[in-house]
Amino acid sequence: MTDATASVAARLRATGTASALELRGVSKSFGALAALQDITLTVAPGERRAVLGSNGAGKTTLFNCITGDFAPTAGSIRFFGEDVTAFPPQERIRRGLRRTYQISLLFSGLTVLDNVYLACRGVSRGRFSMIRPRRSDALMASAEDLVRVAHLEDVRDRLVSELAYGQQRQLEIAMALAGAPRFILFDEPAAGLSPTERSDLVAILTGLPSHVGYIVIEHDMDVALRVSDQVTMMHNGRIFKEGKPAEIEDDPEVQALYLGGGDGH
Amino acid sequence: MTNTDLPLTAKPATAPEAQGRMRGWLARVPAAYWVVGVLLLVLPAFASNFVMFQIMGWTFILGMIALSLMFLAGYGGMVSLVQMTIAGIAGYMVAIFGDSAVASISMGWPWWVTVPLALLIAMLFATAVGWLAVRTEGIYTIMITLAVAAAFFYFVRQNYDLFNGFSGFNSVLPPMLFGIDWRGPEAFYYMTLFWAVLSYSAVLYISRAPFGLALQGVRDNPRRMAALGYNVTAHRVAAYALAAIPAGLGGILLTWQSAQISPGTAGIQPAIDILVIAVIGGLGHPIGAFIGALLYVLLKTFAVDVLVALGLGGERFQLLIGMGFLLIVFFSPDGLLGLWQRLKDSRRRDSLTGQDRRSE
Ligand SMILES: Nc1ncnc2c1ncn2[C@@H]1O[C@H](COP(=O)(O)OP(=O)(O)OP(=O)(O)O)[C@@H](O)[C@H]1O
Ligand SMILES: [Mg+2]
């Protein structure tokens, strides 16, 4: 599976197809704090990458710059060859980029199904439609499918504010799968999940169509290494190591800095 | 009305509600709607002219204007103080383009030109204000819209060429359509009822359509909406434009009811009254706007008599409204609707265990 994706990715690169994601010299400062410094990163289409790093390494900030939630202080971002650095988030999302949030950003006053439906509607036409969707509506049907994928059918009509934490995390993921994603950013999707929910998550990630690439931020090495074919290590706003999961796992420097760092995992 | 089972919160639709079939739709109309509907329809049979024209007519009109605020604030999270101004603009446009006693200004166009034109101008104005206001949040939205309302009030009071200054326009009458005098108490009652019901239904319907759902998404979490592909600013501005329709209709009806429009119609006080009505009623469901309006109209009409009967100064009725406002906001931030909902919830809970008696 992993090898196949990698070879597809390699083939696409060889035929000159643009990278899914290409960051050049991206920096982001919050006042005096340099949260990201000169990040250069290329991810091939279909590639699955884990980003590891200690708390405050800048991983979430990296995602925020890629989606346009924050404008980078410097550098450029290309998405499938197109320079999206100046695009507002919605324009990037409509081009097939998706993300989940580390701290769930959901619509607490709406039901689970409505949340997913909004996600499906956001990347299709008719965002301003004044006509109520029918049950037979194609988008409603795909919203219901996603609710099932995330194992939320029992709470489909519940308000999000009534959900348990783990269910909110699963809803985050369902919303990121709406429409036809080409590249997804998962920000610590496994945090706070039960062991069963974790293996469901791994199944969802590894079961994505092979052309869908993603970056997953994950503290849990077990999860991270199982769902990725490339690993990027971040520290203090910089990338300090990239490689195959096995290489990273065995790297003494990484072990000293990250695994031995008493991060709890 | 109090013992019926109105759906008083913006409870999301359950599965069958999304089905669009007419028969299923009729069957799903809650019993409370039938009761209230029949009551409203037959009310003229036993109500006095005063009740029909002054109490109910005014309630429907203020309810529609408050409804436009409920739409923006309840679904969109945008508290706008400019809705009364938008109503005033529509009223002024009907006076200016149609007929009034001020023949030097009024153009005497027929109603089927003036009414749509008035609504269109109200919508354009609302779009412009919305475009300004949506860049701000919370208290700043209130300040900007209040500033626009104040500016409009002072502008029309000083402008004599177009708005006829302090005195405004009188003898602005509804058209004699179908040979009916629409200012007759019964006709006026049914006319305002019709538009109020239509506005109410439209708002309720749109709340579950993609536009309305997305608006609630923008309210709950604008950043996430952008990260789902929505243009948050465009959605907010569109909400302002849409909310101008019930407000504008209300303004036109208000002008016809009093047969006049002047700067005071859209002054600061009425602007705040609309906010009070919407908040007292409750922003959680469109019906709140009309409940608030009814309470406001009843207070405004009868508080003076009650105060005088108690040997107090009649001019203190504003104080009474203010205190009522305070009490409701204090005890139930989500208005009378919220109070009602909590009563219902507590009745459904088992008095011993505090558990919800429903199965789930
Ligand atoms: N909006 C913000 N304003 C100011 N500083 C911020 C903001 N967002 C992040 N930071 C700072 O930037 C640095 C990087 O934060 P970031 O959230 O990207 O870390 P992270 O790698 O995702 O950490 P974690 O593992 O805790 O999620 C931190 O020092 C953080 O305090
Ligand atoms: Mg983070």
Side-chain angles (χ1 to χ4, degrees), chain A residues 63-64 67-69 88-101 104-137 139-140 144 155-162 172 175-176 178-179 185, chain B residues 9-22 24-25 28 71 74-77 201-239 241-242 245 283-285 334 356 360:
Chain A
F63 276 15
N64 282 330
T67 53
D69 283 47
Q90 68 266 21
E91 290 299 332
R92 308 185 194 202
I93 301 304
R94 289 177 202 169
R95 281 165 174 74
L97 183 66
R98 301 285 186 276
R99 82 170 286 186
T100 69
Y101 287 84
S104 297
L105 275 186
L106 301 165
F107 309 113
S108 51
L110 298 176
T111 62
V112 169
L113 183 60
D114 285 344
N115 271 259
V116 182
Y117 178 74
L118 274 181
C120 294
R121 181 58 78 174
V123 287
S124 73
R125 286 145 43 104
R127 282 179 289 267
F128 287 86
S129 168
M130 309 268 176
I131 309 294
R132 281 189 185 188
R134 292 157 174 260
R135 265 287 135 139
S136 56
D137 185 283
L139 279 182
M140 196 50 103
E144 290 188 22
V155 291
R156 192 186 67 183
D157 296 319
R158 287 281 188 82
L159 292 184
V160 165
S161 52
E162 300 170 8
E172 273 284 333
M175 288 166 76
L185 307 170
Chain B
T9 48
K11 270 267 164 63
T14 45
E17 205 166 325
Q19 263 165 23
R21 295 216 191 83
M22 192 64 187
W25 182 82
R28 267 185 293 108
F71 184 72
Y75 293 135
S201 314
V203 165
L204 204 58
Y205 180 84
I206 288 173
S207 74
R208 304 283 317 148
F211 179 78
L213 275 179
L215 192 60
Q216 293 165 74
V218 167
R219 171 199 65 198
D220 284 356
N221 210 324
R223 181 171 162 210
R224 183 54 181 265
M225 283 306 276
L228 289 179
Y230 293 86
N231 185 335
V232 170
T233 305
H235 236 89
R236 286 179 166 155
V237 175
L242 202 64
I245 297 175
L283 294 170
H285 189 279
D334 35 6
D356 203 318
E360 48 170 68

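- Neither the backbone nor the side chain of A:Thr67 comes within contact range of chain B; no heavy atoms are under 4.5 Å apart.
- Side-chain contact annotation: A:Asn115 with B:Arg224, donor-acceptor N/O pair under 3.5 Å absent.
- Most heavy-atom pairs under 4.5 Å with chain B, from the set A:Leu113, A:Leu106, A:Val123: that is A:Leu106.
- Atoms OG and CZ, from A:Ser108 and B:Arg219 in turn, are 7.5 Å apart once rounded to the nearest 0.5 Å.
- Minimum interatomic distance between B:Ala227 and A:Pro89 (heavy atoms only, all atoms of both residues): N-CB, 4.4 Å.
- In this structure, no portion of B:Ala202 lies under 4.5 Å from any heavy atom of chain A.
- Interatomic distance, CE of A:Met130 versus OH of B:Tyr205, reported as 11.0 Å (0.5 Å rounding).
- The candidate from A:Arg99, A:Arg121, A:Arg98 with the greatest count of non-hydrogen atom pairs under 4.5 Å with chain B is A:Arg121.
- Summarising the geometry, atom CG belonging to A:Leu118 is positioned 11.0 Å from atom CG belonging to B:Asn221; distances are rounded to the nearest 0.5 Å.
- Contacts of A:Glu144 with chain B are absent, with no heavy-atom separation under 4.5 Å from either backbone or side chain.
- Note that CG of B:Asn231 and CZ of A:Arg94 are 6.0 Å apart. Values are rounded to the nearest 0.5 Å.
- Summarising the geometry, atom CZ belonging to B:Phe211 is positioned 13.0 Å from atom CD1 belonging to A:Ile131; distances are rounded to the nearest 0.5 Å.
- Residues B:Thr233 and A:Gln90 form no side-chain contact, since every pair of their non-hydrogen atoms from C-beta on lies 4.5 Å or further apart.
- Proximity to chain A (any heavy atom under 4.5 Å) is shown, for B:Ala214, by both the backbone and the side chain.
- With a 4.5 Å cut-off on non-hydrogen atoms, B:Leu242 touches chain A through its side chain but not through its backbone.
- In terms of heavy-atom proximity, B:Pro210 sits nearest to A:Gly126 at CB-O, 3.7 Å.
- How far CZ of A:Arg132 is from CG of B:Leu213: 9.0 Å, rounded to the nearest 0.5 Å.
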